[in-house]
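Below, read A as the first sequence line, B as the second, and so on, with proteins coming before strands; counting in each chain starts at 1. Here the structure is a predicted model, which is why all the values come from computation and not from measurement.
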Number of protein chains: 2
Amino acid sequence: MNNTNEPNLQSWIEVQKDSDFPIQNIPFGVIRKKNGKIRCATRIGNYTIDLFELANHGYFNDLGIEDAAFFKKRYLNNFIALGKSSNRLVRARISELFEKGNPAIRESIVEKSAILNHITDVQMMMPVRVGDYTDFYSSLEHATNIGKMFRDPEKALLPNWRHIPVGYHGRSSSIVVSGTDVHRPKGQTKKDDSATPDFGPSKLVDFELEMAFITGKSTQLGDSIPVGEAEDYIFGLVLFNDLSARDIQKWEYVPLGPFLSKNFGSVVSPWIVTLDALEPFRVSGPDQNPQVLPYLRLTGKRNFDINLDVLIEPEGKKATKVCSSNFKYMYWNMCQQLAHQTVNGCNINVGDMYGSGTISGPMPDSFGSMLELTWNGTKPIKLSDGTERKFIEDNDTVIMQGWAEKDGVRIGFGECVTKILPVK
Amino acid sequence: MNNTNEPNLQSWIEVQKDSDFPIQNIPFGVIRKKNGKIRCATRIGNYTIDLFELANHGYFNDLGIEDAAFFKKRYLNNFIALGKSSNRLVRARISELFEKGNPAIRESIVEKSAILNHITDVQMMMPVRVGDYTDFYSSLEHATNIGKMFRDPEKALLPNWRHIPVGYHGRSSSIVVSGTDVHRPKGQTKKDDSATPDFGPSKLVDFELEMAFITGKSTQLGDSIPVGEAEDYIFGLVLFNDLSARDIQKWEYVPLGPFLSKNFGSVVSPWIVTLDALEPFRVSGPDQNPQVLPYLRLTGKRNFDINLDVLIEPEGKKATKVCSSNFKYMYWNMCQQLAHQTVNGCNINVGDMYGSGTISGPMPDSFGSMLELTWNGTKPIKLSDGTERKFIEDNDTVIMQGWAEKDGVRIGFGECVTKILPVK
């Protein structure tokens with residue numbers, strides 16, 4: 001097996017210098033082709049690679065994948081459920097087949113035409129069927145900002161925050177793939193000086209810059225995942241826009257947490273980047289003080305240095321970057337989140353999604369939501385078209401981008417894009 | 001089509017006087033037969049009726065059900081998704097076939113042997129694949145009791161409670177069918193006089209007496225269900241035991257709601273009783289004051305008079321009834337819950353589950369949790385074996401029962417049973 005991370009590896013498919021998808025990435029997604037066929041796929045440069053056709057042409061015959069039919073399924077769940085060793089064999093084989101020196105597919109016009117599609121000729125689909133979705137709240141800077149704005153600035157963090165990777169259950173049904181537009185939600189809100197609520201469109205629609213990991217292995221009810229084994233259960237990551245309606249949230253969330261303020265639409269990037277592809281970008285996380293409980297303790301580099309940008313694009317105008325953050329800022333890492341999720345015996349399934357929570361960094365331009373960037377609307381952001389934003393306006397498109405870069409190799413997530421449509 | 005609710009209707013299958021499953025009920029569930037086969041089924045008296053075999057023998061041929069194969073599926077979702085009109089045709093046909101005067105199956109030893117199984121010869125399975133699960137908090141008495149215990153007794157209800165059918169997302173993966181035992185969870189708890197948390201088995205495991213409805217029709221993201229049409233989207237109901245770890249909940253739930261305190265196991269009764277079967281038991285709900293917002297307003301009898309009992313059975317001892325409540329006490333009804341869930345455009349799927357929240361009545365013996373019944377452990381309950389309970393102890397079995405009764409007809413849910421095993 002070759003080393004899929006080797007920086008010198010190059011593909012015979014053209015990969016532009018700033019592409020998120022060099023041959024070292026090999027993410028997984030689901031495409032719909034022009035002929036309507038649904039296929040599990042990967043991507044190099046601007047071309048998608050149809051995994052069913054690769055299997056069909058015999059390229060996975062020796063990999064112990066008995067049934068190629070699940071590469072025709074609507075979701076990646078069955079492929080992911082094969083397990084990391086199978087998933088790795090497939091990635092390594094793709095790496096071999098598309099490496100510059102390999103003529104097998106390169107020299108076959110018939111095979112190339114069956115296997116490759118230009119990215120503009122396919123529609124990206126939701127990559128997994130999400131069984132359950134948890135949203136964590138794991139950025140120290142984000143939790144501190146929220147505490148400063150809405151609680152006591154001197155005691156911004158709640159007492160449990162440094163002990164528990166705080167999380168809550170979210171809605172799976174309303175997680176949609178990048179490119180899906182979302183209507184501004186209606187709901188109940190209450191003015192501070194009013195005794196009773198009003199009903200109408202949310203006035204404070206916001207993005208939350210998150211990443212989400214997807215589990216690749218199931219557990220039984222009653223089982224717990226030791227923190228040191230958690231990475232075995234993580235298949236890969238996507239960008240995640242946890243759209244939020246701040247005014248609805250404020251009125252509804254005590255005492256049982258956010259509900260309608262969050263479940264009108266959450267948007268994910270379409271390509272799941274594997275933990276293996278992100279291996280070169282490991283970094284240490286922030287010191288955790290006080291020391292965490294034993295079930296959350298682990299050593300090693302468990303954070304990932306992934307640059308994250310958010311842009312706002314008003315209808316028909318140029319986009320303006322409003323935030324530059326990084327996944328490395330997370331206080332609680334994914335292993336801790338998964339160990340915590342299961343410490344009580346809660347079972348997980350392949351395809352479950354786990355949002356990081358808003359990823360805010362230490363600098364004011366690294367805050368991961370408009371709420372923080374504009375400090376609850378008190379410091380509007382100027383866009384390049386001269387207009388200002390406190391929150392997201394109708395027909396604004398929110399664009400999230402994520403990429404890691406090292407030794408001349410850039411592993412990216414592409415974009416997570418959604419337009420906020422007027423209330424329906 | 002005959003009237004499936006007709007009180008004089010009788011089956012040629014023996015139905016004992018106190019049975020929950022007369023021919024007027026015809027609930028839906030999933031069974032595993034002794035030969036390992038999985039079948040969608042209904043039940044009359046102590047016999048399950050295999051719907052695939054009914055279809056196989058041609059009894060659904062004229063009902064427009066094109067593919068009988070979904071009666072062999074692991075879950076009822078595909079059958080439910082056919083829609084209410086198809087579901088009703090199947091119920092009516094079953095009612096005809098098993099009515100006393102109908103010899104068709106009654107006189108065929110071969111067909112009876114293929115179609116009927118004694119309830120002790122099958123294993124009940126989880127009836128639906130739950131896509132998303134919401135838990136509401138819709139009993140005025142429960143919310144008031146909690147407020148009195150943990151907040152200001154003078155201001156027990158939070159300001160939003162009479163305006164919003166408060167709800168939050170729960171975990172789907174850990175919803176299991178009656179008969180599944182659940183381990184006491186481990187987790188973080190914090191003593192009032194300690195600055196830092198401890199880790200260990202929960203000391204305060206509790207039941208919550210709930211009912212849950214299951215949706216039978218999907219919506220698209222962005223759509224809302226008008227409150228007056230909500231019943232079209234409700235397939236039926238089950239008993240629901242929302243197991244809770246009070247000490248874990250107390251430490252984790254601010255600000256984002258209950259998480260690990262709730263997702264270690266929730267238990268449902270195996271037979272989904274349709275809204276149609278419950279038609280004779282409609283009653284008006286409590287007056288809602290102040291008047292609710294227009295999107296939550298509707299007239300008519302939207303509550304259901306369903307008796308609910310909870311028993312605790314220590315290992316090897318007799319069970320003691322600890323609670324007698326009723327579903328009619330709900331302040332917010334199911335139509336309001338579903339209208340609220342979707343008012344922001346949140347989409348729903350067939351098979352989603354919506355818990356009522358703990359159903360407490362006005363009398364101290366009608367409170368739907370040990371937390372309330374023992375007033376946070378200050379008034380222990382005496383069991384018939386002489387022992388006392390503040391909360392649930394290891395190897396206690398919690399039994400929930402539900403039934404409606406009128407004009408000599410009893411429509412029941414059977415039991416929702418789970419034993420709490422020691423920590424794993």
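The choice from A:G131, A:S202, A:P159, A:G167 that makes the most heavy-atom pairs within less than 4.5 Å of chain B is A:G167. Taking chain B as the reference chain and counting heavy-atom pairs below 4.5 Å, the highest number among A:S172, A:A195, A:A245, A:S261 is found for A:S172. Counting heavy-atom pairs closer than 4.5 Å to chain B, the top-ranked of the candidates A:L421, A:I146, A:V182, A:V254 is A:V254. Among A:G265, A:P197, A:G345, A:P201, the residue making the largest number of heavy-atom pairs under 4.5 Å with chain B is A:P197. Contact tally against chain B (heavy-atom pairs below 4.5 Å) for A:Y253, A:W251, A:F264, A:Y295: the top residue is A:W251. Chain B forms the most heavy-atom pairs under 4.5 Å with one residue out of A:I248, A:T180, A:N349, A:L158, and that residue is A:L158. Taking B:H163, B:K424, B:H340 one by one and counting their heavy-atom pairs under 4.5 Å with chain A, the maximum is reached by B:H163.
When all heavy atoms are compared, the tightest approach of A:L221 to B:S174 is CD1-CB, 3.7 Å. A pairwise comparison of heavy atoms in A:D198 and B:L293 identifies O-CD1, 4.4 Å as the closest pair. Taking both residues in full, the closest heavy atoms of A:H169 and B:P258 are given as ND1-O, 4.4 Å, listed atom of the first, atom of the second, then distance.
In this structure, chain A has a heavy atom under 4.5 Å from the side chain of B:R151, while its backbone stays farther away. In this structure, chain B has no heavy atom under 4.5 Å from any part of A:V423. Residue B:V166 touches chain A through its side chain alone, counting heavy-atom pairs closer than 4.5 Å. Contact of B:I175 with chain A is not made at all, since no heavy-atom distance falls under 4.5 Å. Residue contact with chain A, scored on non-hydrogen atoms closer than 4.5 Å, involves the backbone and the side chain of B:I348 alike. Interface remark: B:V176 contributes side-chain atoms only to the contact with chain A (heavy atom separation under 4.5 Å). Of the two parts of B:P290, neither the backbone nor the side chain holds a non-hydrogen atom closer than 4.5 Å to a non-hydrogen atom of chain A. For A:P294, no part lies under 4.5 angstrom from a heavy atom of chain B.
Separation of atoms OH (B:Y168) and OH (A:Y168) is listed at 14.5 Å; rounding is to 0.5 Å. Here B:D132 contributes atom CG and A:D132 contributes atom CG; the two are 7.5 Å apart, rounded to the nearest 0.5 Å. Atom-to-atom distance recorded for A:L296:CG and B:F199:CZ is 8.0 Å, nearest 0.5 angstrom. Note that CG of B:N160 is 13.0 Å distant from OG1 of A:T196, once rounded to the nearest 0.5 Å.
In terms of the salt bridge (Lys or Arg N to Asp or Glu O under 4.0 Å) criterion, residue partners of A:R246 (sequence neighbours excluded) are, by chain and number, A:D206, A:E208. Partners of A:S173 under the side-chain hydrogen bond (donor to acceptor under 3.5 Å, both in side chains) rule, at least two apart in sequence or in another chain, are A:R171, B:N347.
For a heavy-atom cut-off of 4.5 Å, chain A lies close to B:T134, B:F136, B:Y137 in residues 133-142 of chain B. Using a 4.5 Å cut-off between non-hydrogen atoms, the part of residues 183-192 of chain A that approaches chain B consists of A:P185, A:K186, A:Q188.
Side-chain atoms of A:N344 come within 3.5 Å of backbone N or O of B:L260 as a donor-acceptor pair.
Residue-environment remark: NZ (B:K419) exceeds the threshold of 12 foreign heavy atoms within 6.0 Å.
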